[in-house]
Every structure is written in structure tokens, then in C-alpha cells.
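Only one structure is covered here, and it is reproduced in the block below.
All values below come from the heavy atoms of this structure, side chains included, with hydrogens, waters and symmetry mates left out.
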Amino acid sequence: MLHQIIKRIITLAVCLLCALIATAADKQTFNIWEGTDCKAKVKLSPYLAEGSGNPACIVCPGGSYFWLDRKTEGEGVAEWLRANGISAFVLEYRTGGIAGFITHYRLLARGNRYPDMLQDVQRSIQLVRENAGEYGIDPECVGVMGFSAGGHLTAMSGMFFDSGVLQLAGVTPEVSLRPDFIAPIYPVVSLTDRSVHKRSRRGLLGEGRAISREMKDSLSLEKHVRPDMPPVFLMNCVDDPIVKYRNSELLDSAMTAAGVEHRYVQYRTGGHGFGATASKTTEEAIAWKDEFLNWLRGIFK
């Protein structure tokens, strides 16, 4: 009897170990700056769809540029994308951090601030494209999706792809850093309009004099829309209690004026911070997932 119990325990332990190994092998999380002069430690976690030649999407969770919602707007979104044949890569980009939010230490020390986040997403695009064969993805169908502050970062990736910020980190890519599509979801957009999300602005720019008029203007996205942006899927909710819905309307208007190919979906209800999780929003707003998938199929048909 004791022998059987021990055998079952060993079998269970082996199964658990195999599951953990399989999960680790599946994600293959790595530091995007390893092997470069940049000393930052930024994780990128692959969630690879079955097959080859798949579209790919770098996922940028939200969190006011101070923290990251890794579960709902990271892992949950990546699992949904993978289940629909899209390989996802969750990016844990640099943020101001909880200490920066509480203590304002960035008045005295630089900490993490712009352009760190943009460097992180551009480095991720570079690595995903360079290793497309290994990941089984189409290097000409690599996009970025982000939520809230991550939506702001996503939009920056589609506007500032030729800004040269990677060179500041000692990296000169040989592939294009322009995403093939971007999807800002209930994004922070303006840093100057009355609809500004001040916490995200502070998380991105830093403290005190770092939040200058020039810096706010330079990163207010409605002012930097360009005709050669990639196709854009934009979504938000009117009842969003965190990031005012006017943010997305400003971006939509600017893209329309510039002739940017885009799809803007606005829902009456849904709130904020729900990612791809139906239980955290309304039946109306969770329809964005099907809207996005249909839109993506349409632009790459």
C-alpha cells in the first residue's frame, strides 16, 4: 500500500515537472537586451501559434507607464491571439515602477522614462523579424497591440519607427522597425489636451521640469499622425472611467485627416482594463475581439 502511494506521488511529481518544463519551453522568455551594451533587463515572452507563416503581434500591457497588467492585458491577450492563429509576444517594457509612483525619486535620478519604452518595443520588433523563421511567423505581418498606456506605446511604434532611438542604445537594426499593423486599445493619446491621463504622462516623462511643454507636445500622438503609418485598429468605450474617450476620438480625427488606413470602433459601455477577458467588461465591448480578427484578415487577405 505504501509502495503504491509513493509510486503515485512520484508519477504526479514527474507529470507536474513535465508540465512546468513544457510551459517554460513554450514561452522561452528572454531578455531582449542580452548581448548588447544596454544593461536593461526587459522580458519578451513568446506564445507561438501552431504551424508556420503565422501573423505575429507584440503585446504591450497597460499600467500608466508605472507598472504592467501582465495577467489580463498580457498573458490573457496572448493566449487569445495564439488560439486564433496569431503568434503573440508579451513585452514587459520598462516603466517608472511602483517606487517611482510613490516616492518621486526621479526628481533626483533618471530612472526609467522616455525613450526607454520606445526602444523596448522597437528592439522587440527587430528580434521578432530577425528570428521569423525560428518562430514560424511571416516577417511581413508583424504588428503591435497595446492597452491604455501600452496603447500609447503601440501608437508610438507606428509613428516613430524611423526616429533612431535604437541607435541611442547602441543597436543598428538591419530590418524595418515599422510595424505592419498596430492596435491601440482604449489608449492614452494626448499629453496636452484636457482629456490627458496625467498619471501616464508622468510615468512616461518623469518628474518636475522633465514634463515640459516641448516633451508633452512631442509625444501627444494626435499631433504626430503621418500618412505612411501602418494600418490601425483603434477601440475604446465611452464610459471609460480611467482614460477619457476623447483620447481615441482625437486620434481617429487626426488619422482621418491624414488619410491613414484605420478602423475605429467605439462602444457605449465596457469600461477600461479588460483586455480580452469577457468577464471584466460588457457583452457589447468584448465584441472588439471578433472585430479585430475580421479586420486583420481583411488587410492581409
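Atom CG of Leu118 is separated from atom CG of Leu168 by 10.0 Å, given to the nearest 0.5 angstrom. Atoms CG and CG, on Asn54 and Asp138 in that order, are 9.0 Å from each other to the nearest 0.5 Å. Rounding to the nearest 0.5 Å gives a distance of 9.5 Å between SG of Cys60 and CE of Met156. The distance from the CZ atom of Arg209 to the CE atom of Met215 is 16.0 Å, given to the nearest 0.5 Å. Between the CD1 atom of Ile299 and the CH2 atom of Trp295 there is a distance of 3.5 Å, given to the nearest 0.5 Å. Atom CG in Leu204 sits 10.0 Å away from atom CZ in Phe66 (nearest 0.5 Å).
Taking hydrophobic clusters as Ile, Leu, Val, Met, Phe, Trp and Tyr residues chained together by side-chain heavy-atom distances below 4.5 Å, Leu153 does not share a cluster with Phe101. Placement of Met159 and Leu219 within a single hydrophobic cluster is found when ILVMFWY residues are connected by side-chain heavy-atom separations under 4.5 Å, directly or transitively. By the criterion of side-chain heavy atoms lying less than 4.5 angstrom apart, applied directly or through intervening Ile, Leu, Val, Met, Phe, Trp or Tyr residues, Met255 is grouped together with Val144 in one hydrophobic cluster. Hydrophobic clustering (ILVMFWY, side-chain heavy atoms < 4.5 Å, transitive): Val77 and Leu293 are in one cluster. Cluster annotation: Tyr93 is connected to Leu44 through the hydrophobic network of ILVMFWY side chains, with a link wherever side-chain heavy atoms come within less than 4.5 Å.
Using a 4.5 Å cut-off on side-chain heavy atoms (C-beta onward), Leu166 and Thr172 make no contact. Between Asp120 and Arg123, every side-chain heavy-atom pair lies at or beyond the 4.5 Å cut-off. Using a 4.5 Å cut-off on side-chain heavy atoms (C-beta onward), Thr95 and Asn112 make no contact. Between Glu207 and Tyr105, every side-chain heavy-atom pair lies at or beyond the 4.5 Å cut-off. Side-chain contact between Arg94 and Val42 is present, with at least one heavy-atom pair separated by less than 4.5 Å. When side chains are defined from C-beta on, Lys216 counts as touching Leu205, because their heavy atoms get closer than 4.5 Å.
The side-chain contact (heavy atoms from CB on, under 4.5 Å) test with Leu234 singles out one residue from Leu251, Val265, Ile185, Asn247, and that residue is Leu251. When the options Lys41, Arg70, Lys43 are evaluated for a side-chain hydrogen bond (donor to acceptor under 3.5 Å, both in side chains) with Glu92, the one that passes is Arg70.
Using a distance-only test at 3.5 Å, with no hydrogens or angles considered, no donor-acceptor pair links the side chain of Ser52 to the main chain of Gly136. Put simply, the side chain of Glu284 gets close to the backbone of Arg268: a donor and an acceptor are under 3.5 Å apart. Although no hydrogens or angles enter the test, the distance criterion places a donor-acceptor pair under 3.5 Å between the side chain of Thr36 and the main chain of Cys38. Checking side-chain atoms of Asp240 against main-chain N and O of Val243 turns up a donor-acceptor pair under 3.5 Å. Checking side-chain atoms of Thr277 against main-chain N and O of Lys280 turns up no donor-acceptor pair under 3.5 Å. A donor-acceptor pair under 3.5 Å is absent between the side-chain atoms of Asn84 and the main chain of Ile86, judged by distance alone. With hydrogens and angles disregarded, no donor-acceptor distance shorter than 3.5 Å links the side chain of Ser248 to the backbone of Tyr245. Side chain of Ser220 to main chain of Glu222: no donor-acceptor pair is present (N/O by atom type, distance under 3.5 Å, no hydrogens or angles). At least one donor-acceptor pair under 3.5 Å links the side chain of His262 to the backbone N or O of Val260.
Under 3.5 Å, the side chains of His152 and Ser200 contain no donor-acceptor pair of N or O atoms. Inspection of the Ser195 and Ser190 side chains reveals no N or O donor paired with an N or O acceptor under 3.5 Å. For the residue pair Gln122/Gln126, the side-chain donor-acceptor check at 3.5 Å is not satisfied. Using modelled atom types, one finds a donor on one side chain and an acceptor on the other under 3.5 Å when comparing Glu73 with Tyr186. A donor atom on one side chain and an acceptor atom on the other are found under 3.5 Å apart for Arg202 and His104. In the model, Tyr264 has a side-chain atom that pairs as donor or acceptor with a side-chain atom of Asn236 under 3.5 Å.
The shortest heavy-atom contact between Ala149 and Tyr65 is O-OH, 3.4 Å. Considering all non-hydrogen atoms of both residues, Ser124 and Ile32 come closest at OG-CD1, 4.0 Å. Shortest non-hydrogen contact noted between Thr72 and Gly275 is CG2-N, 4.1 Å. Summarising the geometry of Pro55 relative to Ile137, their closest heavy-atom pair is O-CG2, 4.5 Å, with the distance given to 0.1 Å. Taking each heavy atom of Ser87 and Ala49 in turn, the nearest pair found is OG-N, 3.0 Å. Leu221 approaches Ala155 most closely through the heavy-atom pair CD1-CB, 3.3 Å.
In Asn294, the CG atom is crowded: over 12 heavy atoms of neighbouring residues, nucleotides or ligands sit closer than 6.0 Å. Around atom CD of Glu140, no more than 12 heavy atoms belonging to other residues, nucleotides or ligands sit under 6.0 Å away.
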Show your reasoning for whether salt bridge (charged side-chain N to carboxylate O under 4.0 Å, His left out) applies to Arg129 and Asp180. CA-CA 11 Å; Arg129 279 218 170 101; Asp180 295 301; 2.8 Å; yes
Let me see the working for Arg246 and Glu249 under salt bridge (charged side-chain N to carboxylate O under 4.0 Å, His left out), right down to the final yes or no. CA-CA 5 Å; Arg246 177 174 165 81; Glu249 292 184 340; 5.5 Å; no
Could you go through Asp162 and Leu177, starting from their C-alpha distance and side-chain angles, then the distance that decides it, and tell me whether this counts as side chain to side chain contact (heavy atoms under 4.5 Å, CB included)? CA-CA 7 Å; Asp162 54 1; Leu177 299 180; over 6 Å; no
Run the ring-ring contact (aromatic ring centres under 6.0 Å, His included) test on Phe147 and Phe274 for me, step by step, so that the C-alpha distance in whole Å, both residues' side-chain angles and the decisive distance to 0.1 Å come before the verdict. CA-CA 9 Å; Phe147 302 81; Phe274 48 86; 8.2 Å; no
Do Met235 and Gln266 pass the side chain to side chain contact (heavy atoms under 4.5 Å, CB included) test, and can you show the C-alpha distance, the side-chain angles, and the key distance before you say yes or no? CA-CA 6 Å; Met235 184 277 281; Gln266 184 185 84; over 6 Å; no
Ile182 vs Met229, test: side chain to side chain contact (heavy atoms under 4.5 Å, CB included). Steps then yes/no. CA-CA 9 Å; Ile182 59 172; Met229 285 175 60; 4.1 Å; yes
Output, in order, the C-alpha distance, side-chain angles, deciding distance and verdict of salt bridge (charged side-chain N to carboxylate O under 4.0 Å, His left out) for Lys223 and Asp217. CA-CA 7 Å; Lys223 300 180 180 182; Asp217 284 341; 2.8 Å; yes
Would Asp116 and Arg110 count as a side chain to side chain contact (heavy atoms under 4.5 Å, CB included) here? Give the steps. CA-CA 11 Å; Asp116 298 352; Arg110 182 186 184 278; 2.9 Å; yes
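Taking the six-membered ring where the residue is Trp, Phe292 and Phe181 present tilted rings, their angle falling between 30° and 60°. Using cut-offs of 30° and 60° on the angle between ring planes, the pair Trp288 and Phe233 is tilted.
Stacking of Arg226 on the aromatic ring of Phe161 is recorded, both the 6.0 Å distance cut-off and the 45° axial limit being met.
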